[in-house]
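Notes for the one structure printed next.
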Amino acid sequence: TTGTIATDPEKHDVEYLTPISVGTPSQDLMVDFDTGSSDLWVFSTEMSTSDIKGQTVYDPNNSSTSEKVQGSTWKITYGDGSSSSDDVYLDTVTIGNLTVPNQAVEAAKKVSSEFTDDSHNDGLLGLGFSAINAVEPTPQNTFFDNIKGSLDAPLFTVDLKHGTPGSFNFGYIDPTAYIGNISWTPVDSSQGYWGFTSPGYAVGTGAFRNHSMSGIADTGTTLLLLPKSVVSAYYKEIQGAQYDSDQGGYIFPCSPTPPDFVFGVNNGIVTVPGDMVSYAPADSANQNCFGGIQKDTGIGFSIFGDVALKTSFVHLHSSIVPGHYADCD
Ligand SMILES: O=C(NNC1=NCCC1)c1ccc(Br)cc1
């Protein structure tokens with residue numbers, strides 16, 4: 001079997017929301033498919049109403065197929081400091097035409113304000129490695145791990161786009177989804193993420209600079225977070241660019257369009273067009289834009305978030321041999 005599901009960008013491509021169905025009869029939710037985490041959790045009827053602002057909630061008591069996992073709990077904190085927690089059910093989860101009958105669905109009782117304030121997002125579906133699933137005492141499998149055995153191939157592809165629907169495909173590579181050839185790179189899943197090392201970067205039409213950047217492909221992070229030496233080398237090329245500590249990042253005049261940012265993936269390259277580096281207006285006063293490329297300081301490795309992924313077709317392949325992932329235009 002194979003499957004495909006459309007994913008829709010929120011304003012400024014801050015995140016991408018994808019429909020899933022949970023339970024019987026099915027309860028339809030919009031969630032953030034996150035290759036940077038490995039838990040499927042949803043807003044639920046167990047939450048206090050003050051934490052719910054427009055989201056659709058999962059009601060396990062309204063599902064004839066839900067089954068509480070006695071004694072199991074979960075609590076997760078994301079890289080941006082947001083968090084959520086509580087208890088666990090097994091229930092039927094369907095994505096497109098793919099169904100997992102007893103998927104661990106982590107029902108939230110508490111969520112942090114970032115989630116409460118994100119009215120269209122009903123939860124997260126982790127597509128990282130199950131080794132970092134946060135359920136205690138028994139970690140649960142991701143949807144992908146549960147379905148991959150029945151897929152034509154143990155892979156999924158991520159095709160996020162700027163300001164228009166993209167897709168997550170399961171079990172096949174859509175040859176019409178990309179031009180040029182796929183460049184493969186080994187995946188380091190030792191930390192539970194889709195880790196890889198980029199060999200270097202270029203600014204605009206400048207020469208390629210060898211500079212090993214280890215990081216993760218993370219659909220759940222909005223921006224492209226890189227080593228500060230690379231980020232400052234990039235912004236050095238933009239007239240008027242500066243680090244604004246109030247806004248916590250580099251800002252620069254929205255026009256003229258900044259130079260492209262190119263990063264290597266094995267023997268291939270991915271180009272982030274300059275007009276996508278201008279992530280969002282920073283201040284209306286003097287038409288500054290907040291950069292889509294920022295420092296990865298304090299994280300320990302780089303994060304190739306949506307700004308890096310939406311300009312390429314990413315194919316995450318977890319096979320028995322050390323997995324590899326392909327990235328290409
Ligand atoms: O949390 C992470 N990615 N997903 C999400 N962010 C916000 C909501 C979901 C994340 C993962 C690894 C590293 Br290293 C840094 C951040």
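Numbers here simply count residues along the sequence, with the first being 1. Order of appearance sets the numbers: ligands from 1, and atoms from 1 within every ligand.
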Would you confirm whether [X], through its side chain, and [Y], through its main-chain N or O, come within 3.5 Å as a donor-acceptor pair?
| X | Y | answer |
| --- | --- | --- |
| T116 | D51 | yes |
| S232 | K228 | yes |
| D13 | G163 | yes |
| Q55 | M30 | no |

Under 4.0 Å from any heavy atom of [X], which atoms of ligand 1 are there?
| X | answer |
| --- | --- |
| F301 | 14 (Br) |
| L124 | 9 (C) |
| I299 | 14 (Br) |
| T221 | 3 (N) |
| Y193 | 11 (C), 12 (C) |

Parallel, tilted or perpendicular, judged at 30° and 60°: which one describes the rings of W41 and F115?
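Perpendicular: the ring planes of W41 and F115 meet at over 60°.
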Parallel, tilted or perpendicular: which one describes the rings of F170 and F144, with boundaries at 30° and 60°? tilted
Identify the closest protein heavy atom to [atom]: which residue and atom is it, and at what distance?
| atom | value |
| --- | --- |
| atom 2 (C) of ligand 1 | D218 OD2, 3.6 Å |
| atom 11 (C) of ligand 1 | G36 O, 3.3 Å |
| atom 5 (C) of ligand 1 | G220 O, 3.4 Å |
| atom 1 (O) of ligand 1 | G79 N, 2.9 Å |
| atom 15 (C) of ligand 1 | I303 CD1, 3.2 Å |
| atom 9 (C) of ligand 1 | D34 OD2, 3.4 Å |

Residues T65, T24; criterion side-chain hydrogen bond (donor to acceptor under 3.5 Å, both in side chains); working and verdict:
CA-CA 6 Å; T65 40; T24 313; 2.7 Å; yes
Q | Contact check: D80 vs ligand 1, nitrogen or oxygen atoms, below 3.5 angstrom | A | no
*asked:* For Y16, does the six-membered ring have the charged nitrogen or CZ of K310 within the cation-pi criterion, i.e. under 6.0 angstrom from the centroid and within 45° of the normal?
replied: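 Here K310 fails the 6.0 Å and 45° test against Y16.
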